[in-house]
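Report on one structure; see the data block that follows.
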There are 2 protein chains.
Amino acid sequence: MVKNKFQMIYEQIAKEIQNGTIKAGEFLPSEHELRQQYHTSRETVRKALKLLSEQGYIQKMQGKGSIVLDMSKFNFPISGLVSYKEVSEKLGHRSKTTVISLREIELDSSLKAEFYLDESANGTVWELVRVRDIDEEAIILDKDYLLTSMVPDLTEEISENSLYEYIESELGLAISFAKKEITVEIPTKEDRTLLDLEDYSLVVVVKSHVYLEDTTQFQLTESRHRPDKFRFVDFARRRQR
Amino acid sequence: MVKNKFQMIYEQIAKEIQNGTIKAGEFLPSEHELRQQYHTSRETVRKALKLLSEQGYIQKMQGKGSIVLDMSKFNFPISGLVSYKEVSEKLGHRSKTTVISLREIELDSSLKAEFYLDESANGTVWELVRVRDIDEEAIILDKDYLLTSMVPDLTEEISENSLYEYIESELGLAISFAKKEITVEIPTKEDRTLLDLEDYSLVVVVKSHVYLEDTTQFQLTESRHRPDKFRFVDFARRRQR
DNA sequence: CAGTGGTCTAGACCACTAT
DNA sequence: TAGTGGTCTAGACCACTGT
């Protein structure tokens, strides 16, 4: 699957930490030892350790070694661009996705602005509206806009499964980065109609601009959550100053 | 200040991007050229570019080069562990911090759990309560808990300025990483008393567990925001699968 | 094809931590 | 002092992009 040596080492060690083969609080073998174990150079080992550190698996300490962190304290960070399907599978939620509507619409001014397109641009986007049920309650309203120029064929069936899977595996597009913005807003009529909002007077809105490897923006997602069920967890490292 | 070559290169290029010396959509010089410009090796150049890429300055494209991204689209991500003072300075907000209370309290069960301490542990923590005014309105309630064993002396004066500055510069402690959690809750009486909540029936709560380089947890922060003023922006890259 | 970035190597020297 | 991670080097080969 992945052929890079440093990715292999990363995955191997990550697995050992998840297994409990190496426990929180213990030190990894030194970079020198890992170099021998994996028959590789030190820089390659260090690339793997850098990844582990960024993902919150380990903490590197100069002069001492790399200690394994207790990731159970961090319970599943949702950061780092993961799709709803990937997250909910990890959590083992009883979730269901219903496609409310899927249609091709003309780019209007507001969409052009969101896609940073020129006002003179024209074309169409897919507008996809989905509701996520968790434990039999309609909790999340997902509104997606995708440029039809990049995703020509989209069906309700694909939308019920994972968009990302289809885009990455079938279309071969490489999703690279995103800007996410979390705000709190007053529910729209659509929110009230489609979600089980109970008495809540606000919804949490996660707006994402998603970009491909070639820096073209191809997706805009607005994820509207019932506030009591919303939870965002992030693991962040402080940059050296 | 920073002596590492790759950090210097990173800062230099970052500055040129912020200046507009290199504009969004343009390509950086190739790694080969940068190596010559900075009289260094290619791996060192690559370390700098890796950082730029992680921070959202550039996008690397194999076979083509490194293109400068339009960061104005991302307007100031707040992720990556930056203190309130650092953020509000960047934004140029008219903000004011008021210390409501600062006292030393015994660790109770709930705090021990938050600090992942054994139930048999004992000791004290600083409990610091501050209100942040933005444009003359009380918008954010910050509740901090710091282990007194690590931060023996804390004064109201320090608390009004930046805690992090004091901790890093004065105490020489190295803040390394944090877990952040964003949820939405019903306001407490304290929230209602101290904040200008208007008619809002919910507050956004950002809870952070902050760790030092040696992996000891030393701070717990609960930042409670009036929902209409809350905004969290994040730039995330998708990990290769 | 030439030019670009991606991976990997073997080795050097430095800074920090322990004993 | 020995062992650890942090930085830097010079070079090799590969994969991808454009012409």
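In what follows, chains carry the letters A, B, and so on, assigned in the order in which the sequence lines appear, proteins first and then strands, with residues in each chain numbered from 1.
Side-chain proximity of B:Glu31 to the nucleotides D:dG6, C:dC8, C:dG5 is greatest for C:dG5. Comparing atom distances between the B:Glu33 side chain and each of C:dT4, D:dC8, C:dC8 picks out C:dT4 as nearest. Closest approach to the A:Gln62 side chain among C:dC16, C:dG5, D:dC8 is made by C:dC16 (side chain taken as heavy atoms from C-beta onward). Listed candidates were C:dC8, D:dT4, D:dG6. Nearest to the side chain of A:Lys60 is D:dG6.
A:Phe27 has its CZ atom 11 Å from the P atom of D:dT4, to the nearest Å. For the pair A:Ile58 CD1 and D:dT4 P, the interatomic distance rounds to 15 Å; values are reported in whole Å. Rounded to whole Å, atom C1' of D:dT9 lies 15 Å from atom CG of B:Asn4. With rounding to whole Å, B:Arg35 atom CZ is found 16 Å from D:dC8 atom P. If you measure from atom CD of A:Glu43 to atom P of C:dA12, you get 15 Å, rounded to the nearest angstrom. Separating the OH atom of A:Tyr38 from the P atom of C:dC8 is a distance of 14 Å, rounded to the nearest angstrom. Computed from coordinates, the A:His32 NE2 to D:dA2 C1' distance equals 12 Å when rounded to whole Å. B:Gln7 has its CD atom 13 Å from the P atom of D:dG6, to the nearest Å.
Proximity of A:Lys64 to the phosphate of D:dG5: no side-chain N or O atom is located under 4.0 Å from OP1 or OP2. Taking side-chain N and O atoms only, A:Lys5 has a distance below 4.0 Å to OP1 or OP2 of C:dT9. In this structure, A:Ser66 does not reach the D:dT4 phosphate: none of its side-chain N or O atoms is under 4.0 Å from OP1 or OP2. One finds no side-chain N or O of B:Ser41 lying less than 4.0 angstrom from the OP1 or OP2 phosphate oxygen of D:dC8.
Both B:Leu28 and A:Thr40 lie close to DNA chain C; mapped to their nearest nucleotides by heavy-atom distance, the more 5′-ward contact belongs to B:Leu28. Along DNA chain C, the nucleotide closest to B:Arg46 and the one closest to A:Arg42 are compared, and the more 5′ of them pairs with B:Arg46.
No side-chain donor-acceptor contact under 3.5 Å links A:Gln219 to the backbone of A:Ser208. In this structure a side-chain-to-backbone donor-acceptor pair under 3.5 Å is missing from B:Asn4 to B:Phe6.
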- Determine, step by step, whether A:Phe218 and A:Tyr211 satisfy the ring-ring contact (aromatic ring centres under 6.0 Å, His included) criterion, reporting the C-alpha distance in whole Å, the side-chain angles of both residues, the deciding distance to 0.1 Å, and the verdict. CA-CA 6 Å; A:Phe218 91 113; A:Tyr211 296 79; 9.1 Å; no
- Message: For A:Thr221 and A:Lys207: C-alpha separation, side-chain torsions, deciding distance, then whether side-chain contact (heavy atoms from CB on, under 4.5 Å) applies.
- Response: CA-CA 6 Å; A:Thr221 300; A:Lys207 197 188 265 193; over 6 Å; no
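Side-chain polar atoms of A:Thr183 and B:Arg231 form no donor-acceptor pair below 3.5 angstrom.
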